Visitor: 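Let me give you the structure first, and then I'll get to my questions.
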2 protein chains.
Amino acid sequence: MTSSGAATAPTKRGRGEKSSATIYDIAKLAGVNPSTVSRALSKPGRVSAKTQKIIEDAAAELNYQVNPFARALPTGRTQTIGLIVADITNPTFFDIIRGAETTGSARDYTLVLAESAESPETEVIAARRLLSTVDGLILASPRMDDDHIRALAADKPVAVINREVKGVPCVVPDVNKGISEAVRSLAANGHENLAYVAGPKQSWMTARRWDGVKAAAEWSKLGAVRLESSKPTVDGGRQVARDVLESGATAVITYNDLLAIGLMQELQAGGMRVPDQISIVGFDDIFGADFTTPALTTVRSPLGECGTRAVTILLDMLQGHDGPDEAVRVETELVVRGSSGRLLA
Amino acid sequence: MTSSGAATAPTKRGRGEKSSATIYDIAKLAGVNPSTVSRALSKPGRVSAKTQKIIEDAAAELNYQVNPFARALPTGRTQTIGLIVADITNPTFFDIIRGAETTGSARDYTLVLAESAESPETEVIAARRLLSTVDGLILASPRMDDDHIRALAADKPVAVINREVKGVPCVVPDVNKGISEAVRSLAANGHENLAYVAGPKQSWMTARRWDGVKAAAEWSKLGAVRLESSKPTVDGGRQVARDVLESGATAVITYNDLLAIGLMQELQAGGMRVPDQISIVGFDDIFGADFTTPALTTVRSPLGECGTRAVTILLDMLQGHDGPDEAVRVETELVVRGSSGRLLA
DNA sequence: CAATTTTTGGCAACCGGTTGACAAAAGTTG
DNA sequence: CAACTTTTGTCAACCGGTTGCCAAAAATTG
């Protein structure tokens, strides 16, 4: 089965089990030069149909697989894209990861994942390390500063999700549509004062969302205050409940769903009825947003699509195309569930 | 162009931006042979302290980084481990991914992620592809059959999570402790008949859990029936609600939390009060299990720990140690929340 | 101080592909 | 049929590290 003509089996390697055929093995079997094999396998049309066939058969017989490293060494191409997220436990990133993985592997690219643990420094290090081994890099909600990002982008194709960086391809949910839907819906339900619970100071998105809320509130002639949270988690949401009550707002929009869920839990524990006494709107429509009672109304960002888009942009750039010069905007939309509604007395 | 002659800058490469120093650049700068540089940088103690210093300084000055591919080519070592999960959207895997990523990167290994989309065939293909580029592979709840797994394991170190495969290192939550706690707690609360909602037929775990439930129920002298679900998701949980009601059971243990959540939603929508009329216990304690009202009682599997353990085993094997000959068991425990309790009338 | 052992650094051959240059073979054209 | 163009396969030089082998240098010993 293995090799017919010459005596030796393909080179042994590893801990001495399986072997792996090389183009040299194929060349020997097919009676051609290794470089011809290389061309047959990667430069379509460069060799005659006849030789092509012979070589392909030989490759199939030997169960050949290119050695990615041997290929990467001279070419630099690795068929790999890197994804860096701030926090793997944060469900916001789940959909991004999935979108990226799916789109990537459909095009025969493998996803390499790294986490920055929310630290800008770790992030830079991880990015540097990754960048040398991948064809392109996706930064999801990066914490590092713009200059670092541009420095990375100067080296290899980089795409950014959830943040706008001048000169670097970005995929950013356009919050305005979703927010204005949310605010209009709240206004229509009789709310007059709303509160925005902000996320981490260094997050680019927290500012964008507050801008959107403020603008929409003005337009609808509602009062709007910004409250700070200690951290963008369920716990942070619980802690901010007191401030929310003191603010006198009857509707709350939070920086993300986790805050909303924590807030809702704490308010309900304190006897408030949602949405009769207070409406809560989250952000992102993460996994589990509909597990709550009432289910959470939220502004959905199409995060899976962000992942998909980012990969697509990256792969396009790898083909030699230019990245988009404007940030790619994906639409957000309000998902109305039970946690927002008419204000009862 | 690079090799000989005078004061050229390090080789340009890529789309003509940054350059990357090689050991040859360092060698030239330090006035030694490239092989000495290689040794200084990877074989501690092989060169004299003095030369070591000179080389390290030169490396630092040139801002040197090894080229992972060049290193991988002759050695086969890639500093990379692969993780294959059945479904990236399934929150069960989130913690596994995170545990693996964290432990891996602490030891300077990068995680490469792939998804099998629940298909045994895709899984085998992904595994094969990954295996050639990583030092070791983790299979989380694999869908392929035992022989395929053993074949992979013959090639390179492989660790399996959530399933036991003879001859391959496995990390498996020991469901018995958690289940017996759950069943005893239900019995103590006056329940006499319980139902187990099973997961996918091909899942090894669904059988183990049913075995556990059956045994514990017998021990506590409770009746136990097994019900099938169409799919292990929230939706599957909703669909099985009718069967649950018809079974007459007053307590339900489900294959996983998603089923439990869907079931609870559906039962509540139909007017049942949880836990007054029916108790629900899930499995895994996934993200969001405490978002529900009442919060979900569940048997927690330490999934993050599974990821960590699997990586540790793998890295140990890469050091030349043997893998554990017995499956590594991690403890499960009952997390009592609001969805289970005393049966009222 | 010579003989011997231990360190240390250099040489060169890999690892498994890719690719520019070139010549042989095949195909066209006058 | 010769001259010329195009196609196709081969040669050899990389890519950037690692490593076995050997000799020069340094350290140890008689």
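Predicted model, so just to flag it, every value in this text is computed and none were measured. Chain identifiers are assigned alphabetically (A, B, ...) following the order of the sequence lines, protein sequences preceding nucleic acid strands; residue numbering begins at 1 within each chain.
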Visitor: Take the protein atom CZ of A:Phe69 and the nucleotide atom P of D:dC14, then report the distance between them rounded to whole Å.
Guide: 25 Å
Visitor: If the cut-off is 4.0 Å, is B:Arg77 near the phosphate of D:dT19, judged by side-chain N/O to OP1 or OP2?
Guide: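 So the side-chain polar atoms of B:Arg77 do come within 4.0 Å of the phosphate oxygens OP1 or OP2 of D:dT19, strictly under.
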Visitor: Which listed nucleotide (C:dC15, D:dT8, D:dT18) is nearest to the side chain of A:Arg46?
Guide: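 Looking only at side-chain atoms, A:Arg46 lies closest to D:dT8.
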Visitor: Both B:Ile23 and A:Pro34 contact DNA chain D. Which one's nearest nucleotide lies toward the 5' end?
Guide: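 Its nearest nucleotide being more 5', the pick is A:Pro34.
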Visitor: In whole angstrom, what separates A:Leu41's CG from D:dG9's P?
Guide: 14 Å
Visitor: Which one, D:dT10, C:dG9, D:dG17, comes nearest to the side chain of B:Thr51?
Guide: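 For the B:Thr51 side chain, the nearest candidate turns out to be C:dG9.
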Visitor: Take atom CG of B:Asn33 and atom C1' of D:dT19, then tell me their distance rounded to the nearest Å.
Guide: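 In whole Å, D:dT19 C1' and B:Asn33 CG are 12 Å from each other.
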Visitor: Between P on C:dG16 and NZ on A:Lys28, what's the gap in Å once rounded to a whole number?
Guide: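 Taking NZ of A:Lys28 and P of C:dG16, I get 12 Å after rounding.
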Visitor: So which nucleotide from D:dT19, C:dG9, C:dC15 ends up closest to the side chain of B:Ser35?
Guide: D:dT19
Visitor: Evaluate the side-chain proximity of B:Met144 to B:Ile149: yes if any heavy-atom separation is below 4.5 Å, no if none is.
Guide: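 The answer is yes, as the side chains (C-beta and beyond) meet within the 4.5 Å cut-off.
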Visitor: Does C:dG17 have OP1 or OP2 sitting under 4.0 Å from an N or O in the side chain of A:Ser38?
Guide: no
Visitor: Does B:Thr51 reach the main-chain N or O of B:Val47 with its side chain, forming a donor-acceptor pair under 3.5 Å?
Guide: no
Visitor: Could you tell me whether A:Val37 contacts a base, only the sugar-phosphate backbone, or nothing, with contacts defined as non-hydrogen atoms closer than 4.0 Å?
Guide: nothing
Visitor: Please check the phosphate of C:dC15 (OP1 and OP2 only) for any side-chain N or O of A:Asn67 closer than 4.0 Å.
Guide: no
Visitor: When you measure from the side-chain N and O atoms of A:Lys43 to the phosphate of C:dT19, is any distance below 4.0 Å, counting only OP1 and OP2?
Guide: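 So the side-chain polar atoms of A:Lys43 do come within 4.0 Å of the phosphate oxygens OP1 or OP2 of C:dT19, strictly under.
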Visitor: Take B:Val66 and A:Lys50, find for each the nucleotide of DNA chain D with the closest heavy atom, and name the residue whose nucleotide sits nearer the 5' end.
Guide: A:Lys50
Visitor: OP1 or OP2 of C:dT19 sitting under 4.0 Å from any side-chain N/O of A:Arg39?
Guide: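 False: A:Arg39 side-chain N/O out of range (4.0 Å or more) of C:dT19 OP1/OP2.
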Visitor: Under 4.0 Å between a side-chain N or O of B:Thr36 and OP1 or OP2 of C:dG10?
Guide: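 For C:dG10, OP1 or OP2 has a side-chain N or O of B:Thr36 closer than 4.0 Å.
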Visitor: Within the 3.5 Å criterion, strictly below it, is a donor on B:Thr78 or B:Asp135 matched to an acceptor on the partner's side chain?
Guide: yes
Visitor: If you measure only the distance, is there a donor-acceptor pair under 3.5 Å linking the side chains of B:Ser119 and B:Ser116?
Guide: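 Judged by distance alone, the side chains do not pair up.
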Visitor: Any side-chain N or O of A:Tyr24 below 4.0 angstrom from OP1/OP2 of C:dC14?
Guide: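 A:Tyr24 to C:dC14 OP1/OP2: no side-chain N or O under 4.0 Å.
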Visitor: When the distance from CG of A:Leu62 to C1' of C:dG16 is rounded to whole Å, what number comes out?
Guide: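 My rounded result for the distance is 15 Å.
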Visitor: For a quick test of reading the model, state the closest non-hydrogen atom pair linking B:Ile97 to B:Leu111 and the distance between them.
Guide: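 Looking at all heavy atoms of both residues, the shortest contact is O-CD2, 4.1 Å.
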Visitor: Whether B:Ser42 contacts D:dT18 is assessed here as follows: a side-chain N or O lying under 4.0 Å from the phosphate OP1 or OP2. Is that the case?
Guide: yes
Visitor: Check B:Asn33 against B:Ala27 and note the closest heavy-atom contact, atom names and distance.
Guide: C-CB, 3.9 Å
Visitor: Give the rounded distance in Å between these two atoms: CG of A:Leu73 and P of D:dC15.
Guide: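 So the two atoms are 9 Å apart, to the nearest Å.
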Visitor: Counting only side-chain N and O atoms of A:Ser48, is one of them less than 4.0 Å from OP1 or OP2 of D:dG9?
Guide: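 Yes.
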Visitor: I need the CD-C1' distance between B:Gln52 and C:dG9, as an integer number of Å.
Guide: 13 Å
